[in-house]
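A short write-up of the structure that comes next.
Counting from 1, the numbers follow the sequence of the chain as shown. The analysis underlying the following values was restricted to heavy atoms, covering all of them including side chains, and did not include hydrogens, waters or symmetry mates.
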Amino acid sequence: MASFPGVEHGATTGMTGQTLELAVIIPTYNERSNVPLLVERLKNALDGVSWEAIFVDDDSPDGTADVVRELGVREPRLRVLQRIGRRGLASACVEGMLATSARFLAVMDADLQHDESILPVMLAAIRRGDVDLVVATRNASGGSKGDFARKRALLSDFGAKLSGVVCKTRLSDPMSGFFMLTRSCFFEVVRKMSNTGFKILVDIVASADRKLRLAEVPYTFGLRQHGESKLDVNVGFEYLYLVVDKLTHGLVPVRFAMFLLVGGSGLLVHMAVLSFLFVVLHAQFLIGQTVATVVAMTWNFFLNNTITFRDARLHGWKMLRGLLVFYLACSFGALTNITVAQFAFGHAWPWVLAAITGVIVSSVWNFAVSSIFAWQRKGSG
């Protein structure tokens with residue numbers, strides 16, 4: 001791992017000459033009402049600690065960044081990084097951690113649901129020098145999800161199970177957004193991170209080439225006092241992006257990997273339609289393959305519009321236009337699909353293998369042209 005002279009062990013603050021020990025990184029979007037309350041809580045919890053708080057704000061329309069600046073006039077331990085034209089919790093946290101010289105780095109939300117009073121406990125655990133990462137957990141003995149909505153609890157539990165596929169280190173609460181790590185651990189993994197989505201803890205742990213030394217501190221998840229939750233269906237998709245990226249080790253573009261996953265579901269639809277027409281209704285194979293191809297293309301378009309190209313999602317008449325463009329753009333792929341499948345079937349291939357071969361041959365073409373034309377993208381990101 002590369003060394004960073006003058007940074008690894010922190011720098012001295014301009015105010016007191018003390019070594020800056022802890023930086024609390026707080027990503028924000030529309031949290032202006034919560035920021036003053038959180039600052040007071042941090043001041044009480046971290047009394048006697050040399051710390052700073054870095055609010056990384058994604059250009060909140062409610063003026064969150066301005067509130068931090070106003071508070072910073074009287075409290076120099078507060079800083080704000082206002083990002084314009086960039087969004088995303090994981091990347092915000094990374095930029096915040098790169099902007100400080102503190103020896104230890106904590107990440108927490110601004111919505112007051114994370115219990116800041118356990119920060120000294122987490123700091124004491126990491127000061128010992130025998131752990132790389134301390135996670136505030138809702139799932140260990142003494143912790144609780146509080147009044148976590150059932151839907152969110154189910155999503156959290158599912159995400160926790162899925163994280164085991166890519167994480168070498170076992171976590172009781174991998175979906176936690178409240179944790180602390182050493183600066184050296186951060187620089188060990190930062191260049192391997194995906195910086196995708198909202199679950200940066202999983203990104204950090206999955207990016208490590210070794211099992212990280214871990215400590216966990218239980219806490220009770222609190223209630224949001226102001227503002228709205230950022231948890232929606234896109235959070236789930238972002239998390240799926242992260243898992244896919246880690247599974248492919250970054251060798252396959254995440255968007256293409258998602259396109260292939262959607263295509264996999266389309267293959268199931270294709271085979272179901274073909275089986276019904278060819279096996280049940282005894283239609284000609286060519287007719288069954290053609291109908292199944294159109295149905296699968298339609299399925300793939302709507303699913304890709306929701307998941308793969310969600311950042312360029314089409315609505316209303318634009319969706320209808322996009323579907324027509326998608327049909328046109330993928331027509332060559334569909335023709336190739338049908339031709340290859342018919343050729344294989346005509347040469348005594350099993351009908352299932354012939355159909356799958358046709359689908360695979362057209363996949364790369366379909367991705368390229370749909371990226372450029374259907375969603376008017378020039379890259380596959």
Lys NZ or Arg CZ of R127 over F104 ring: under 6.0 Å, within 45°: no
Closest non-hydrogen atom pair between G129 and R213, with its separation: O-NH1, 3.4 Å
Pairwise side-chain contact, Y29 with T64, heavy-atom cut-off 4.5 Å (strictly under): no
Minimum side-chain heavy-atom gap T298-F326 below 4.5 Å: no
Side-chain heavy atoms of F55 within contact of E31, under 4.5 Å: no
I287 side chain reached by L277 side chain, heavy atoms, under 4.5 Å: no
Beyond-backbone contact of P120 with V49, side-chain heavy atoms, under 4.5 angstrom: no
Any side-chain heavy-atom pair of D209 and K192 under 4.5 Å: yes
Same apolar cluster (I L V M F W Y, side chains within < 4.5 Å links), V273/L281: yes
Hydrophobic cluster membership, L320 vs L314, 4.5 Å side-chain cutoff: no
Pairwise side-chain contact, L42 with M108, heavy-atom cut-off 4.5 Å (strictly under): yes
E216 side-chain N/O to S172 backbone N/O, donor-acceptor pair under 3.5 Å: yes
Whether D58 side chain and G88 backbone form a donor-acceptor pair below 3.5 Å: yes
D62/R32 ion pair, N-O < 4.0 Å: no
Backbone N/O of G96 and side chain of T100: donor-acceptor pair under 3.5 Å: no
Heavy-atom check, side chain of M319 versus side chain of F301, under 4.5 Å: yes
Distance in Å, C185 SG paired with R210 CZ, rounded so as to fall on 0.5 Å steps: 6.0 Å
